[in-house]
Amino acid sequence: MDTLRAIFSAAFGYSLLRVSTPLLFASLAAVVSARAGVINIGIEGMMLAAAFAGVAVSAFTASPWLGLLGAVVTGIVMALILAYFALKLKTDIILGGIALNLLASGGTIFLLYVLAGDKGISSSLPSKVLPQVQIPIIKDIPVVGDIFSNHNVLTYVAFLSVVVLYYFLYRTPLGLRLRAVGESPDAAASVGVSVHRIQFIALGISGMLAGFGGAHLSMGYVSWFSRDMTAGRGFIGLAASAMGGETPQGALLTSLFFGFADALSSYMQSLRIPSEFVQMIPYLATVLALAVYANRQAARKQAVSHRAAPKGSGTVVPDSGHH
Amino acid sequence: MQDLLRMESITKVYPNGVVANRDVTFAVKPGEIHALVGENGAGKTTLMKILFGLEQPDAGSIVYEGRHVRIPSPHAAIAMGIGMVHQHFMLAPSLTVAENIVLGAEPRRGPFLDVQAAVERTEQLAKKYNLPVDPRARIRDIPVGMRQKVEILKTLYRGARLLVLDEPTAVLTPQETVELFAALENLKAHGHTIIFISHKLREVKQISDRVTVMRRGQVVGVARTAEVTEADISRMMVGRDVVLRIEKPPANPTRPVLQVKDVRYRSELGKEVLRGVTFSVRAGEIVGVAGVEGNGQLELAEILTGLRSAHGGTVIIDGVDATNAPPHRLRAMGVSHIPEDRMTHGVAAKATVEENLISDRFHRPRFQRFGVLRRKAIRDHSLELIRQYDIRTPGPTAAVSSLSGGNIQKVIVAREFSSEPKLIIANQPTRGVDVGAAEFIHRQLVDAARAGAAVLLISADLNEVMALSDRLLVLYNGEIVASFAHADQVSEEELGLYMLGLKRQAPSEAVAV
């Protein structure tokens, strides 16, 4: 009963938007790379490194904006490293992404120790926080104002990014090329579109969005960096992107769904339920949602392959009998 | 008249030592339709890849529009006005017709894509060249014939004056082929030049002004098409006479081997793909299934070979119920399968010729002892099959993927026919295979049937299905709409009417038991 009342409160609505922000950045980062045919497993690591860079740069420059710049640049640089290895040197992009995640996890702890003398948290660094924004007029409307106003600036950037990415993908020449490259690289190459160049650009944008997500974690969501603070959000973003049909608007919906699970688990910690159990909720929601999604996807794939009958079924079945 | 294109003394040797082109000289005059024919592996594709900038020649020169040129990339080829319509369409299925056409050279309005202009340009081109398409339709929703028109429009949008069409009719129905040829004539009338690559000599005769024949990486002849016969061309291609009419003794069918009763199949979208298909195939006969692709042929073949499960009906093989039996059980019952998609279901491309040849029998005592393969027995067996089935391979340990399409198909045929099958399900057995290999495969099918096997031949190639079959069925929209007891007594035009659903026999006639 208490839980229900909590969910329908304005405070819950506010918290839903707040916790959804990093998930939304992560899932948009996943959308843009997936549409170009390059799976960015490294979003988690890019966010983590960006979160650290935001804290470190803002602490040493005393400017939250330079901190944000540092975070975003870090995300882009990490993405371009992945692009260089995967596209130029032809390493497996999944392995490259995993390597990047491990590098970010270990690397940030090392640098944290060097800079802050602590292996867990950056509280000794005087890092800055990005400002919260009051929206005129809306902030004075009861309930609505409580939910939608007074958020961190990056929360608004995240929701705006949905619209921008939508127009980029569906209304610009580069977006058209990006979608063509992801769906049918041969077709794109046959008309002189450079597949690698487009994929480099897509990964760069993906890294930028991951950078924003990281900055939000350490300079908005909280005001410090702690080890492995992304806590799987990059991977949840990948799941959200896939479930949202790899579209910006789909990613928005699924991010809000995962954000809901996240916010719910925060609220239920105040109840007398073991916190370990409650903390499982976002991840459990991911697993369940992915299972439902995979099921639907398999059905769709089968249907599509039937329609495209001449090229055989999508399922690979061994041709020869064996025992 | 001066040549539009002259490729002079082109030589291309691939890193693996294969000489794809040896001192090839190929010339095209402006405004002609020039057919380029030859067996698979004869070097046509390599020559065209060099023309389109996808490969660089090791020696030789290219003169285009009177100038010596170097073509380092497809981009350069496109800029010079050369367009390529690939055999496998280069289209993104989820994008619209207009989007696919303008991709890479998009009209803009400010920073945005000008969708309206893209649609208008598409409509203008479609009208000018009489290639009607729906600019706003998505590629995945339009039929194959229209996709091909989109490919042609794509090259025209980029200003192509020389168009290369790589086996454009392989995927078309007879009616769509007629439309394509009308479009090609129209392009010619507009002053465009066309290089037409094909295996189908009748079409070459019909559409081309001149023909260049290649064999084993060399040009063996250039002629005005009107002055040579199909038999002349085919002799040049293979260096010997090819029997285009397949000689086969009359069928003497005995007991029914395959009995299919009311088989039904529904796609995941709920579409009825097979709507109660009933027929039988007897030992000693070849039953052909004609039809436009996508009318249930693939599903039927896969149900009969255990790759897919039917949603209704029964399949009886030699009196035993084999409905939805798994592949290994069907194989044990003597069913062989030549699958439509040979690279997916026919061979393991990266495995060797020898491994592919024993992939259905490696578990037999002859080839293994205590779970360890017997190399000597396997080697002897595969060498024997390579000889018997004339597989052109550097050796039994060559990767199958390094062979030409015709020879890969021969590997499959060797494996499937050497297991002494009772029933052979052959789905598009000679697709994309050169004339020599196709003739060989045809011979094998006839011999197997006359030796007592029941053969179900599914083919989109009307010539093939008409020439080989004893009896003939037509599959349209998941139903058998016509059945002919004597395949040689039906005309191609009449079959076409049934294949397109314009005509159907009364149910009593069409039941093909």
Side-chain angles (χ1 to χ4, degrees), chain A residues 34-37 164 166-198 245-247 295-323, chain B residues 73-75 78-79 84 86 88-95 99-100 102-106 108 111-113 115 140 144 154 158 171 267-269 271 273 293-299 302 305-308 326-332 337 339-341 344-347 359-363 415:
Chain A
R35 285 310 280 264
V164 172
Y166 179 89
Y167 273 88
F168 169 71
L169 282 178
Y170 298 104
R171 293 282 183 274
T172 68
L174 186 56
L176 175 66
R177 290 175 190 194
L178 191 149
R179 287 183 291 139
V181 161
E183 186 177 357
S184 167
D186 287 343
S190 79
V191 293
V193 172
S194 165
V195 173
H196 278 182
R197 203 175 78 91
I198 299 287
E246 291 170 359
T247 62
N295 218 354
R296 218 187 50 193
Q297 195 67 3
R300 204 180 71 180
K301 226 168 220 164
Q302 195 120 35
V304 168
S305 75
H306 285 193
R307 198 156 40 170
K311 272 289 114 196
S313 68
T315 47
V316 178
V317 188
D319 175 51
S320 35
H322 25 176
H323 298 267
Chain B
S73 70
H75 210 63
I78 293 168
M84 181 96 150
H86 298 269
H88 301 292
F89 296 152
M90 300 285 186
L91 299 169
S94 78
L95 303 186
E99 284 175 332
N100 268 288
V102 302
L103 179 65
E106 303 88 352
R108 291 161 194 250
F112 293 111
L113 178 68
V115 177
R140 61 166 179 245
V144 170
K154 241 171 83 178
R158 290 169 173 73
V171 291
S267 76
E268 298 292 333
L269 285 176
K271 183 178 180 262
V273 180
E293 274 183 79
N295 278 284
Q297 293 95 324
L298 175 69
E299 289 79 3
E302 294 196 346
T305 51
L307 299 180
R308 211 183 268 264
H328 67 88
R329 208 184 125 216
L330 288 168
R331 285 193 175 266
H337 182 204
E340 173 182 328
D341 184 345
T344 306
H345 292 144
V347 290
S359 60
D360 68 332
R361 59 198 65 162
F362 60 86
H363 48 80
R415 181 183 66 214

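Keep in mind the model is a prediction, meaning the values are calculated, not measured.
Of all heavy-atom pairs spanning Ala187(A) and Ala92(B), the tightest one is CB-N, 4.2 Å. For Gly192(A) against His75(B), the heavy-atom pair with the smallest separation is CA-ND1, 3.3 Å. Across every non-hydrogen atom of Val193(A) and Gly104(B), the tightest pair is CG2-CA, 3.7 Å.
In this structure, the portions of Val191(A) lying under 4.5 Å from any heavy atom of chain B include both its backbone and its side chain. With a threshold of 4.5 angstrom between heavy atoms, Ile78(B) approaches chain A through side-chain atoms but not through N, CA, C or O. Looking at Ala79(B), neither its backbone nor its side chain comes within 4.5 Å of chain A, counting heavy atoms on both sides.
In this structure, Arg179(A) CZ and Leu103(B) CG are separated by 9.5 Å, a value rounded to the nearest 0.5 Å.
Contact count versus chain A (heavy atoms, under 4.5 Å) is highest, among Pro111(B), Ser73(B), Pro93(B), for Pro93(B).
Inter-residue side-chain proximity for Ser190(A) and Met84(B) is flagged as unmet; no heavy-atom pair is nearer than 4.5 Å. Considering only heavy atoms from C-beta on, Ser184(A) stays 4.5 Å or farther from Met90(B) through its side chain.
Atom NE2 of His86(B) has more than 12 heavy atoms from other residues, nucleotides or ligands within 6.0 Å.
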